[in-house]
Every structure is written in C-alpha cells, then in structure tokens.
Enquirer: 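The structure is given below, and queries will be raised subsequently.
Lettering of chains follows the sequences in order, A, B, ..., and the numbering in each one begins at 1.
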There are 2 protein chains.
Amino acid sequence: MLDSTLDSATDAGAATQPVPPAGVAWGASLHGALLAHLRDYIVEGNLAPGARVPERALCERFGVSRTPLREALKVLASEGLIELLPNRGARVRQLGADEMVALFDVMGGLEALAGRLACEKITESGYAVIERLHHDMYAAYLRRDLHGYFTCNQAIHDRIVEAADNEPLATTYANFAGRLRRVRYAANLDKNRDRWGEAMREHEEILDALRRRAGPELSDILFRHLRNKRKAAAVQETVVQGTTVQGTTVQEAAVQETGAKETAAPAPAVG
Amino acid sequence: MLDSTLDSATDAGAATQPVPPAGVAWGASLHGALLAHLRDYIVEGNLAPGARVPERALCERFGVSRTPLREALKVLASEGLIELLPNRGARVRQLGADEMVALFDVMGGLEALAGRLACEKITESGYAVIERLHHDMYAAYLRRDLHGYFTCNQAIHDRIVEAADNEPLATTYANFAGRLRRVRYAANLDKNRDRWGEAMREHEEILDALRRRAGPELSDILFRHLRNKRKAAAVQETVVQGTTVQGTTVQEAAVQETGAKETAAPAPAVG
DNA sequence: GAGCGGAAAATTGCATTCATTTTTGGAAGA
DNA sequence: TCTTCCAAAAATGAATGCAATTTTCCGCTC
C-alpha cells in the first residue's frame, strides 16, 4: 500500500492533473493511484530537474514492486515530465529556455481555445462566478496582496477551462500546467509593478470579452495575455523541497544542484 | 459506400505520431519501438472500437513478453487511444458523437495555434512549399481528384504545424490526429460538393492570411475551418480490418469481435 | 427452451527472477 | 598525483511465476 507520507504531497489549489485522462476510473487501480502520486511527487519538485529517478528508492517509498512503478514512469515520460534514457533509466526533465517558451505558447493556445469554447457554452451563473473571482482579484491587486491575487488568477483561468466543457482539453491543459509547474518566475510582481498593472488591465479585457461572449476576441486576448506573462517572467527553474504548501504553510527552500534559492512562497504565475 | 478512388488515402502523408514525444530517442529501446508499433496497430483500426485488447495474442504477434506490452498499453491509455478497466484489461476507446466533437474542437484549437506561430516563424521557402501544395490541391479540386485533394490538404496542415516549430505542439497535434484517425466521414465530398467548394475557398483564405503573416487572423480562420469540417462530416466510426499498409508488407486480415467489415477505403478528412 | 448456479479455464495485476548494461571503486602504471 | 584499466556492485530491461479476479461453459432447474 502507498506510504502515508505522500498523502500530504498534493498542492494547494493547483490544477495539477485532477482530470482522469480518459474518462476512466484510473484512481481505482493501483497503477492509477501510483501514477497520480508519482506525478505529484515529481511535479512538486521533490526530485531535482535532471536528476535520475531512483527506481529502487521510489519502490520502497511507495511500497510497490518495480513493475507498476516502471509502468508509471513510462506514462510520465509520455506526458513529458521525465525522459527515458536507454539502459540508463529515467531522469527528471529539465527545461531549457526555448522549451519553456514552447510550452508557454501551447498553454496560450490551449487557453485561447478554452476561452473561445467558454464563450459558447458558459452559463450565466458560471460567468457570475468568474466575475466574482475577477473582482476579488482586483481587490487583492489594490491591496497588493500577491498571494490572494495569484489564487484568484489561477482560479479564473481554471474556471475558463472548466467552462469550455471539453474533457480532452482539460486533460491536456492540466498536463502542460503540470509541466510548467516547477518553473518559477524570478521577476514576480513585487519587482515588476508595471506588469502587474498590465496584467490587471488584460484581465479587465478578458472579463469584458467573456461577458459579451465574444469568443474569437477572448481567444486572442488570452493568447496575448499568456505571451505577455511569459515575456515578463525572467525564468528560472527551481527545486522546492521539503514541506509543501497546504493553505498557509510556508515552504522551505532547499537548494539542489542549482545555486538558485527561493525563500518566499511560490509565485507560480504572473498574470 | 465510399468510393474506391480513396483506397490509398489511408496513410497517404498522414501525421500519425512520428514525433518523439520528448526529444528522446524513443525508437531505440524495445519499449519505444513496441509502443510505436502497437499505436499504429490500433490507429490503423486492426482492433475494433470497444473491443478488448488481447494481451496474449499481441505478445505473440509482436514477439515480446507481457511486461513491455503492458507498459505500452498504459502509455496508450494515457494518450487516450485505449481505456483501462480495472481487472478487465484494456479496450479500444470508442468515441461517442460528443467526444468526437470535443476532439475536433481541440484539433481546431491546436491548428489555430499552429497557424499563429507559423506566421511568426515560417520562412519564405517554407511558405513557398505550402503555396505549391495549395495550388496542387486546387488543381486536384478542379479535376475532382479526391485522393489528390486529400493528400495535399493533409500535407498543408502538417506543414503549418511543422512551421510552427514547436515540439510539444507537434506531439500533441499528432496525438489528437491519431485519436481521430479511425473516425471516417460518411458524407464525403462526393456527395457534398458544396462543402468541397467551401473548403477550397477557406483554404484560399488560409493561404492568403499565411502569405500576409497575419497570425491572429489565420488562427481564427483555421479554427472555423475545422469547425466547418466537422459540421459537414456526418460522422461514423468504422473499423478497417484486413490489409494494413506497412510500407509494402501486407498484413493478414482477421475479423475480430465485430462482424463489421469495411472493404472500401477511408476518407480521412474533408477539407 | 430460457434462466440459473458453479466449477474450470482464461485473464489480469503484480512480484520475483534473470541476463545485460552501466556505474562504481580501487589497484596498477605513468 | 593523475590517469587508465578492470573487476565488483548496482541498476536496468525484460521474462517468468503466482495469487486474485473475471469470463466461460456446462449441467441443472424451472
């Protein structure tokens, strides 16, 4: 059975990969549960980027034999989270700057699609929820509450994807979000007030287009929004180790292989 | 029944999944090779939709033991090609009408993204290739050459994705293309001349927008193009059994579980 | 003839085992 | 001291084995 130490490994309100990849009850089987746990384990940054994935150790940690673990590794490799080297096992995928740009663009394309579909399908109450989140976010912006801002921001984007009501889209979105999860942004909004204001204005446009159900327009805005987000973010891949955030807890920063250090709570996204 | 002129339209220039999912040399390992073979085997329709995936038989067919085969099945499940039922093995995923619509929309979103990125990155010579394909396609249209039309059409879309120069996008695109591969269209262009002309006009717009490097515009056109394609296609999921094309080799035909048999060739895409 | 147990057979899921490759560690030599 | 080489140890990739679940099939009952 799976070790209880992993139970708390899941992140706060993040869209890691909650969507069953194929409309199937994956969580039921040992394979599905192990896969989810292992994915979280890696996405959370418990393994340094570029580091080998230690089969033996993970087998003990998760209390399974190598067979199901290796199956999970193959799947994670197909998700792009790790890479398999012939006869050398698996390594945690390390993102170069260009790969990161590519992933960001795909995220932009997926959000653009989500926005367009959301305009077609969202209900009035669904819109109301997003509108309220938007106002909450604006309030957080006014009082310079980064954490509150981030939370609302992510919730808005997640709601848009949800409103698109497209299962493969949601799954794919979650996959790419997970891949980019370990990427932190050096230039967060503290140091980049201009971007913060700009992002806030973009969100005004987003809400407005959504209100008018202007699909193509919202689509375009969302893509540019993601583009600007990337451009504003001086990228830096870091490793967060130790206790994971659950609500209000603060993470410890542990340096691994990179000299980079991030003391504050994660600033997962700007914008 | 479908016209016999479409016989070879199956894997004309199709983008099944040639892109290595993670920039790794997958083909080198047995796992990678088996995965590719098995994916093709299913995508080609050798297993009926909804049918059980016979582990034992496939092990013999591919000459491997169950361990690597099961690993491949897990990956294919994560790709959405098959589904895993706890203690009941794998089944070939069967697409309902709504799921098909969802997949088509994602394809539209991915092509829209590809078009936008292509406008940013395509070279003049890259554009020239697409332009030539476009003219070839138009010629095929004029002489009512469905096969030629399909081939050029698919090549154009593939080239756009290629021009986007985004590896995760290409991989994801190939994945969804594979999922939709078994979906055939009852209302092909023979019976739907209106759609054919409309599709041709849309492609004129596509080329024009690409020539002007009008990213957002091309993005929008491509999404609508895919939408129209779906709407025009009376959908019907079929099983192609029997001879599969593998280079020049011809595989044996084996009827499995469904009496359904389709001798004529697939009409993979319209427009 | 249709519906219903129930045991045998097949299948699945996972652990274990084995051959091969890679990595490690240290001794020998420059 | 640094490099090179080689054997031991570890790790990987795949096959096999085994318990548990599911499916099949045959006889029985209604």
Enquirer: Whether the side chain of A:R230 engages the backbone of A:L103 through a donor-acceptor N/O pair (distance < 3.5 Å, no angle test) should be reported.
Expert: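 No, the answer is negative, given that no donor and acceptor are paired below the 3.5 Å cut-off.
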Enquirer: Can you give one letter per nucleotide of nucleotides 5-15 of chain D, going 5' to 3': B for a protein heavy atom under 4.0 Å from the base, S for sugar-phosphate only, - for none?
Expert: ------SBBSB
Enquirer: Do B:D105 and A:L169 come close enough that some side-chain heavy atom pair is under 4.5 Å?
Expert: no
Enquirer: Verify side chain to side chain donor-acceptor pair (under 3.5 Å) between B:T171 and B:E167, making sure each step is shown before the conclusion.
Expert: CA-CA 6 Å; B:T171 301; B:E167 192 271 321; 2.7 Å; yes
Enquirer: Do B:T67 and A:R70 come close enough that some side-chain heavy atom pair is under 4.5 Å?
Expert: no
Enquirer: May I ask you to decide if B:E79's main-chain N or O and B:R179's side chain share a donor-acceptor pair within less than 3.5 Å?
Expert: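 Judged by distance alone, yes, a pair lies under 3.5 Å.
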